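Take a look at the structure set out below.
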Amino acid sequence: MIIIAEKNGTLDALLEHVHALDFKTDVSTGDERVVIGLIGDTRALAEDQFSPLPGVLEVRRITSKYKLVSRQFRPTHTVSIGRQVIGDVMPHPLIIAGPCAVETEEQALRTFAEIAPFADVFRGFLYKPRTSPYEFQGLREEGIHILQEVKRLYPEKPMVQEVLDPRHLDVLNAVTDVYQIGMRNMYNYELLQEVGRTGKPIILKRNCAAKLEEWLLAAEYIATTGNMQIILCERGIRTSLSGEYSRNTPDLGVIPAIKTASCLPIIFDPSHSTGHADMVEAMSSAALQLGAHGLEIDVMPVGYDRTKLRVDGAQAITAVELERVARAARK
Ligand code: PEP
Ligand code: MN
């Protein structure tokens, strides 16, 4: 952190203030201004601890607020899901796919059967965070037998489940290999740490209004529990154009930005970011071109009436399109 200050009688008091906080200083004096460099770990300091002091013109952070998840601190990193490795060294992008929500046993089992040849990891949630309390909230505990059946049929396929509340962890533990924190809970720091302490891999979705730094600080909350098995997922942000031709605005530029700033793998969700099945293939291809480590995609059974789905029917593709996405990803 550096403090740019006026070159006048306030300097001594300012330096005293910094030294009292146990930081050494490197002072560079120009013709009109003084630049004070703080030496030490400044991550716990707030700019506001200095900006109101007499003579201070500007306070600037040089090192990032996050450390454990930064590329600077950890030049290479990978996450393991079962036998699959995701991140800086991986054979091909990871395909996570399945129904948005498990709605019926038939819908879930048909979907998983059709996509099993193309999906590395399954998703299909029991707990659904819905904007309205009157909408279908997922089968919740009542659906657990369906996931047990999926596990029995496909023991080699890791399963992702979203956690809305720490109380769900007990229910989900036996059928879950990867927990997902959805975009609504990215800012729920107690939940992030509670899920972090399970030690299982975690997909951390970006809140639709989150800045890159806020997202990485949310990941840092998980990392402080000792769990570095974190995968970031871009799922579209809210802009003034969201909803016009896509549900959210896919922020593909964040993919290379994250790869520079952080050691964590980043995947892309073309389903929730666009909201349209016919945009999924093109956006998947674009995200992989930009270096995404994988995709998380909503799927429904071939020939299914999408209007019968209670959650996100418009964005679900079928195994026919998923096969094309998966083949292109492996190229
Ligand atoms: C989901 O993946 O099903 C989901 C609810 O995503 P998001 O949290 O990004 O809305
Ligand atoms: Mn959904």
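As the structure lists them, so they are numbered: ligands from 1, and atoms in each ligand from 1. For this chain, numbers begin at 1 and follow the sequence in order. The structure presented is a predicted model; accordingly, all values stated were derived computationally and were not measured.
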Q) Parallel, tilted or perpendicular: which describes the rings of Tyr127 and His168, with under 30° parallel and over 60° perpendicular? A)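 The rings of Tyr127 and His168 lie parallel, inter-plane angle below 30°.
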
Closer than 4.0 Å to some heavy atom of [X] - which atoms of ligand 1 meet that?
| X | value |
| --- | --- |
| Gly182 | 8 (O) |
| Glu162 | 5 (C) |
| Cys100 | 3 (O) |
| Gln180 | 1 (C), 2 (O) |
| Lys205 | 1 (C), 2 (O), 4 (C), 6 (O), 7 (P), 8 (O), 9 (O) |
| Arg184 | 10 (O) |
| Lys128 | 1 (C), 3 (O), 5 (C) |
| Phe125 | 1 (C), 2 (O), 3 (O) |

Q | Nearest neighbour in protein (non-hydrogen) for atom 4 (C) of ligand 1 | A |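 Here the nearest protein heavy atom works out to His272 NE2, 3.6 Å.
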
Q. Got the closest protein heavy atom to atom 9 (O) of ligand 1, with its distance?
A.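 Looking at atom 9 (O) of ligand 1, the protein heavy atom closest to it is Arg235 NE, 2.6 Å.
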
Q. Among Tyr189, Trp215, Tyr66, which residue meets the ring pair (Phe, Tyr, Trp, His ring centres under 6.0 Å) test with Tyr221?
A.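 Going through the options one by one, the only one that passes is Tyr189.
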
Q. How is the N/O/S atom of His272 that comes nearest to the Mn ion (ligand 2) named?
A.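 For His272, the N/O/S atom sitting closest to the Mn ion (ligand 2) is NE2.
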
Q.
Only N/O/S atoms count here: what is the atom of Asp312 closest to the Mn ion (ligand 2) called?
A.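 Of all N, O or S atoms in Asp312, the Mn ion (ligand 2) lies closest to OD2.
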
Q.
Testing Glu234, Lys205, His272, Arg235 one by one against Glu296 for a side-chain contact (heavy atoms from CB on, under 4.5 Å), which residue passes?
A.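 Of the listed options, the one satisfying the test is Lys205.
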
Q.
Are Tyr154 and Phe122, when compared by the centres of their aromatic rings, separated by less than 6.0 Å?
A.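 Ring-ring flag for Tyr154/Phe122: true, centres closer than 6.0 Å.
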
Q. Glu162 versus Ile181: any side-chain heavy-atom pair under 4.5 Å?
A.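 Glu162 vs Ile181: side chains apart.
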
**Q.** Stepwise side-chain contact (heavy atoms from CB on, under 4.5 Å) test for Leu232 and Val69
**A.** CA-CA 11 Å; Leu232 301 168; Val69 304; over 6 Å; no

Q.
Working note: Leu204 + Met186, criterion side-chain contact (heavy atoms from CB on, under 4.5 Å); need CA distance, chi angles, decisive distance, verdict.
A. CA-CA 7 Å; Leu204 177 62; Met186 191 209 88; 4.0 Å; yes

Q) Do Arg123 and Phe125 meet the cation-pi criteria used here (NZ or CZ under 6.0 Å from the six-membered ring centre, within 45° of the axis)? A)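 Pair Arg123/Phe125 counts as cation-pi.
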
**Q.** Residue portion contacting ligand 1 (non-hydrogen atoms closer than 4.0 Å) for Met183
**A.**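 Within the 4.0 Å criterion, Met183 contacts ligand 1 through backbone and side-chain atoms alike.
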
Q) Between Leu295 and Ile96, is a side-chain contact (heavy atoms from CB on, under 4.5 Å) present by the stated rule, with each step listed? A) CA-CA 6 Å; Leu295 300 165; Ile96 304 171; over 6 Å; no

